[in-house]
> 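The structure is given below, and queries will be raised subsequently.
These numbers come from the heavy atoms of this one structure, side chains and all, not from hydrogens, waters or symmetry mates. Keep in mind it's a predicted model, so treat the numbers as computed, not measured.
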Amino acid sequence: MRLLIILLAGAALTPAAHAQIGGSAGKPGQGAPSDDPKPATPAAQEPMAAPSTDEKPIVSDEEFETSLPPLSDDMSAPLEPMAPGATGQAQAGPVAPIEPIEDAPPLDPAGQEAEIAAPLPPLSAFDTTPIADIAATNDEKAVEIRYATRVTGLAEVGLEERFRDLSALEDGDGVAANAAIIGARAREDEGLAVRLMKSLGYYDATAVSTITQTPTESRPVTATIAAVPGPLYKLGAITIDADPTVPPDLIPDALKLRSGEPIDAVRVQAAEAAVSLALPRNGYPFGEVGQRDILLDGVTHVGDYTLPVKIGPRGSFGGIRTAGDAVFDARHIDVLTRFDRGRLYDSAMVDDLRDALIATSLFSTVSVEPVRTGEAGPDGTEYVDLLVRQTRGPARTLAAQAGYSTGQGIRAEVSWTHRNLFPPEGALILTGVAGTQEQGASATFRRSNAGRRDRTFQLIASALRSDLQAYTGLTGTLSARISYDSTPIWQKEFTYAYGAEFVGTSEDRYDFAKSARDRGVYFIAAVPLFAGWDKSDDLLNPTRGFRVKLNLSPETSVRGAARPYVRGMIEGTAYYPVSDSIVLAGRARFGSIQGIERNDLAPSRRYYAGGGGSVRGFGYQELGPRAPDGKPIGGRSFNEFAVEARYRFGNFGIVPFIDAGQVYEGTLPRLTDLRFGAGIGGRLYTNFGPLRVDVATPIAKKPGESRIALYISIGQAF
């Protein structure tokens, strides 16, 4: 115990303390007496020199022990505080006795070495369960700032809505992580406001953003964009720097800018774009519009406008050139053009040619561009050739389509097409049909753009098995047809078709003379003719105008004896827009067969009604006369009527409709015994036409008729 106290006391002694203890006692705050006549310096202000290593003070045990405070029972008392400014020793109070450690095991050096040498426990033996979940330190919701956006000065010039559409503050949805982000968004919106105002002609416009705190509001920060449009600048003198054109006012008429109008950037750019379009539309394929120059006067607030234009030579159509991996030669490309050599150059005709080439689906890329020839053309023009750059694309297509209707069931069709097996544009089409009521196959050779654009020649061989309510049949057909048709690129006012058809068919019929159903073979030769007049505004989804179609087919049916007759049908449709979203559509169709008795006519050549393309609400071939066995037997005349209200919203539509129709035994249709069906349909409008789903029910339903009829197909009903 004594040894421990001496060590503790010795560790606390400083060199000054050693000196004080070793010498005679002096005045408080002074060191040991010295022979030096200089006054003593307090130890706190004069540093003590390091003791010499040669001479060390010797302190005896008795002197050291006498300098320590005596041990007593009052050692546990606290030390008395030292008086302010005192530098002497503080009197130590009693110190608490140190209690010995009881029951401490004796040290075992050999055991310690063995424990150190033992292998560490495996990591899997440790408990890795976290003591507690780590608190989230990046809670964005806890630090986000909600702000409001206020705009002044833009509503007066009609720009506030446009500003908010483009605003960085608005794009942030009123939330930011910190105030610096709000400030950055506000500064960005300052520039936006100025640009928008200048686009309308306010070239002295300014905008200032401020951020204010609004602690009483639901959003404690408000960002304000204060815009000052300033005076409106208007067009002064308008100068067009260009060579003379034919006609002389071609560029000014296309530009359509007038002095005194505001310098509206959108209007100015649109006017210049109109010039760029007007030049190649009127014989200047190489015309170029230069960079405008507007000289602003800050006093009069007027801007003088100058537009340089290079018109180039006036041209007329010359020949066709090709380049690249050629699909068509120049001769066939010339068939697709809608202009003759020497006609004044028109870029719309060039665009039409490019669209026609794309429509063949034989190119991966194709372009058409004008090329100067230097050859003089008519009326002072220069012949301009068209260079067609071609890159061959895939010529084969595998396609499938399916539909369903009540009464006719499911019908699926798969086709394989090689569009250029017999160049140019000689296609081979193989088709297979599978359905609940018909199965068959066909092969078609088709020559598109055959000697004339949009004129098509087809040669078809087909075999079909039919299992319909009215009859069953096995039919083979060989036909040839030439048609001049409308396309989505070029909807024609007048279309036509003519051809020849040879049919051999085995069909069953109800023989009224025998009062039984029998089967016979018919051989039919026909010359089908078609003419159409189209004044509607769209080929796939018309909204205004009308159409008239006429089908006429002189035919001869041979079953034992030859019986000539004529089948005819006329159809008219009309479309009237009630509003931008509602179109009223109507259809009337009449058919007649002259020159043959019904029982001598093959069942497949008779008229029937009912179904998705006829009178909705009834099954396929459900209307008209019936045989004593209850099956439809068809007739020699019919009529059909339909009215639809087509309501469209976006890419969807709802179509309520009413249909009516009937089939008659006589050769002329009547307006008696009409049957009606009503329903509603849905439309999904796509880029290739509407998808149609119609649900209908017969009015005054008769026994055996379906209560609900469903039709799914592509395209409008008419």
> Determine, stepwise, if the pair Val309 / Glu272 fulfils side chain to side chain contact (heavy atoms under 4.5 Å, CB included).
CA-CA 10 Å; Val309 180; Glu272 294 170 356; over 6 Å; no
> Distance under 6.0 Å and angle within 45° of the ring axis: does Arg648 meet both against Tyr685?
yes
> Specify the closest pair of heavy atoms between Leu235 and Ile238, including all atoms of both residues, with the distance to one decimal.
CD1-CD1, 4.3 Å
> If the test is ring pair (Phe, Tyr, Trp, His ring centres under 6.0 Å), which one of Trp533, Tyr576, Phe718, Tyr575 qualifies with Phe546?
Trp533
> Closest heavy-atom contact between Val268 and Tyr305?
CG1-CE1, 3.9 Å
> Ring centres of Tyr345 and Tyr383 under 6.0 Å apart?
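Ring-ring flag for Tyr345/Tyr383: false, centres at least 6.0 Å apart.
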> Whether the side chain of Ser199 engages the backbone of Leu196 through a donor-acceptor N/O pair (distance < 3.5 Å, no angle test) should be reported.
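Side chain of Ser199 to backbone of Leu196: a pair is present.
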> Does any non-hydrogen side-chain atom of Val414 lie less than 4.5 Å from one of Leu398?
yes
> Taking atom CG of Asp165 as the centre, does the number of heavy atoms from other residues, nucleotides or ligands within less than 6.0 Å exceed 12?
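Yes, CG of Asp165 has more than 12 neighbouring heavy atoms, counting only those of other groups under 6.0 Å.
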> Donor-acceptor pair, Glu382 side chain versus Gly374 backbone, under 3.5 Å?
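Yes; at least one donor-acceptor contact below 3.5 Å.
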> Does Arg447 reach the side chain of Pro424, with side-chain heavy atoms less than 4.5 Å apart?
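Arg447 reaches Pro424 side chain to side chain.
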> Please check: side-chain N/O of Ser486 versus main-chain N/O of Lys492, any donor-acceptor pairing under 3.5 Å?
yes
> Taking atom types as modelled, is there a side-chain donor on Ser442 or Ser462 under 3.5 Å from an acceptor on the other?
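No, no side-chain donor-acceptor pair sits under 3.5 Å.
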> Got more than 12 heavy atoms from elsewhere within 6.0 Å of CZ, Arg396?
no
> Measuring only between side-chain heavy atoms, which start at C-beta, is Leu279 closer than 4.5 Å to Val275?
yes
> Step by step, would you call Tyr202 with Ile263 a side chain to side chain contact (heavy atoms under 4.5 Å, CB included)?
CA-CA 8 Å; Tyr202 297 95; Ile263 307 177; over 6 Å; no
> Any salt bridge between Lys310 and Glu288, counting N to O under 4.0 Å?
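Between Glu288 and Lys310 there is no salt bridge, as every charged N stays at least 4.0 Å from the carboxylate O atoms.
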> If you define the side chain from C-beta out and look only at heavy atoms, does anything of Phe652 sit under 4.5 Å from Leu684?
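Counting from C-beta outward, Phe652 and Leu684 do come under 4.5 Å.
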> Hey, are Thr365 and Thr391 close enough side-chain-wise for a donor-acceptor pair under 3.5 Å?
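Short answer, yes.
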> Of all heavy-atom pairs between Met197 and Thr206, which one has the smallest distance, and what is that distance?
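Closest approach of Met197 to Thr206, heavy atoms only: CE-O, 3.5 Å.
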> Taking the six-membered ring where the residue is Trp, are the ring centres of Phe445 and Phe422 under 6.0 Å apart?
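Yes, close enough.
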> Might you point out which heavy atoms bring Ala588 and Phe641 nearest each other, and give the distance in Å?
CB-CD2, 4.0 Å
> Counting N and O atoms only, with roles assigned by atom type, does the side chain of Lys535 sit under 3.5 Å from a partner on the main chain of Glu493, one being a donor and the other an acceptor?
no
> Can Asp241 and Arg292 be counted as an ion pair, charged N to O under 4.0 angstrom?
no
> Indicate yes or no: at least one non-hydrogen side-chain atom of Ile251 is less than 4.5 angstrom from one of Thr245.
yes
> Rounded to the nearest 0.5 Å, what separates atom OG in Ser479 from atom CD1 in Ile460?
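If I round to the nearest 0.5 Å, the distance is 4.0 Å.
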> Provide the closest heavy-atom pair for Gly342 versus Ser316 in the form atom of the first, atom of the second, distance.
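Scanning both residues, the minimum pair turns out to be O-CB, 3.6 Å.
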> So that I can tick it off, tell me whether Glu160 and Arg162 are bridged by a salt bridge, with the cut-off set at under 4.0 angstrom between side-chain N and carboxylate O.
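A salt bridge is absent here (no side-chain N lies under 4.0 Å from a carboxylate O).
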> Could you list the residues that satisfy ring-ring contact (aromatic ring centres under 6.0 Å, His included) with Phe657, not counting sequence neighbours?
none
> What's the verdict on salt bridge (Lys or Arg N to Asp or Glu O under 4.0 Å) for Arg547 and Glu571, showing C-alpha distance, side-chain angles and the deciding distance?
CA-CA 8 Å; Arg547 296 172 180 170; Glu571 176 182 341; over 6 Å; no
> Within the 4.5 Å heavy-atom criterion, are Thr397 and Trp416 side-chain neighbours or not?
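Heavy-atom side-chain distance check fails, nothing below 4.5 Å.
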> Among Gln390, Arg392, Arg389, find the residue that satisfies the side chain to side chain contact (heavy atoms under 4.5 Å, CB included) test when tested with Phe363.
Gln390
> I would like to know whether Thr444 and Leu459 meet side chain to side chain contact (heavy atoms under 4.5 Å, CB included); could you show each step before the answer?
CA-CA 6 Å; Thr444 302; Leu459 186 63; over 6 Å; no
> Please walk me through it: do Glu501 and Arg567 pass salt bridge (Lys or Arg N to Asp or Glu O under 4.0 Å)?
CA-CA 14 Å; Glu501 186 177 31; Arg567 301 173 80 241; over 6 Å; no
> Do side-chain atoms of Asn420 reach the backbone of Glu425 as a donor and acceptor pair under 3.5 angstrom?
yes
> Please say which of Arg616, Arg692, Arg587 ends up in a salt bridge (charged side-chain N to carboxylate O under 4.0 Å, His left out) with Glu644.
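Running salt bridge (charged side-chain N to carboxylate O under 4.0 Å, His left out) over Arg616, Arg692, Arg587 with Glu644 returns exactly one hit, Arg616.
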> Checking the side chain of Asp534 only, and the main-chain atoms of Ser536 only, is there a donor and an acceptor separated by less than 3.5 Å?
yes
> Please walk me through it: do Leu200 and Leu159 pass side chain to side chain contact (heavy atoms under 4.5 Å, CB included)?
CA-CA 9 Å; Leu200 293 185; Leu159 287 174; 3.6 Å; yes
> Would you please test Asp351 and Arg354 for salt bridge (Lys or Arg N to Asp or Glu O under 4.0 Å) and show each step?
CA-CA 5 Å; Asp351 294 340; Arg354 182 176 57 251; 2.8 Å; yes
> Under 3.5 Å, is there a donor-acceptor pair between the side chain of Asp385 and the main chain of Ile320?
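No; judged by distance alone, with no hydrogens or angles, the pair does not exist.
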> To check you understand the geometry: which heavy-atom pair defines the closest contact between Ser167 and Asp189, and what is its length?
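Closest pair (atom of Ser167, atom of Asp189, distance): OG-OD2, 2.5 Å.
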> Check whether Arg646 reaches the backbone of Leu584 with its side chain - one donor and one acceptor, N or O, closer than 3.5 Å.
no
> To the nearest 0.5 angstrom, please state how far the CD1 atom of Ile429 sits from the OG atom of Ser415.
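Reported to 0.5 Å precision, the distance equals 7.5 Å.
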> Distance alone, cut at 3.5 Å: any donor-acceptor contact between the side chains of Asp485 and Ser483?
yes
> Taking side chain to side chain contact (heavy atoms under 4.5 Å, CB included) as the criterion, tell me which of Asp355, Val368, Val384 meets it with Val350.
Val368
> Main chain of Ser361, side chain of Arg419: is a donor-acceptor contact present, judged purely on distance under 3.5 Å?
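Checking the backbone N and O of Ser361 against the side chain of Arg419, a donor-acceptor pair under 3.5 Å is found.
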> Answer yes when Asp334 and Arg331 have at least one side-chain N-carboxylate O distance shorter than 4.0 Å, and no when they do not.
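Arg331 and Asp334: not salt-bridged.
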> Is the shortest distance from a Lys or Arg side-chain nitrogen in Lys234 or Glu261 to a carboxylate oxygen in the other one below 4.0 Å?
no
> What about Tyr647 and Phe649, are their ring centers closer than 6.0 Å?
yes
> How long is the straight-line distance from CZ of Arg343 back to CZ of Arg341, given to the nearest 0.5 Å?
15.5 Å
> Any side-chain to backbone donor/acceptor pair from Asn282 onto Ala278? Under 3.5 Å, distance only.
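Pair found, side chain donor or acceptor close to backbone of Ala278.
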> Let's go through Arg683 and Asp694 carefully: what are the C-alpha distance in whole Å and the side-chain angles of both, what is the deciding distance for salt bridge (Lys or Arg N to Asp or Glu O under 4.0 Å) to 0.1 Å, and is it a yes or a no?
CA-CA 9 Å; Arg683 303 290 185 269; Asp694 289 339; 2.8 Å; yes
> Cationic tip of Arg452 within the cone over Tyr484's six-membered ring, i.e. under 6.0 Å and within 45° of the normal?
yes
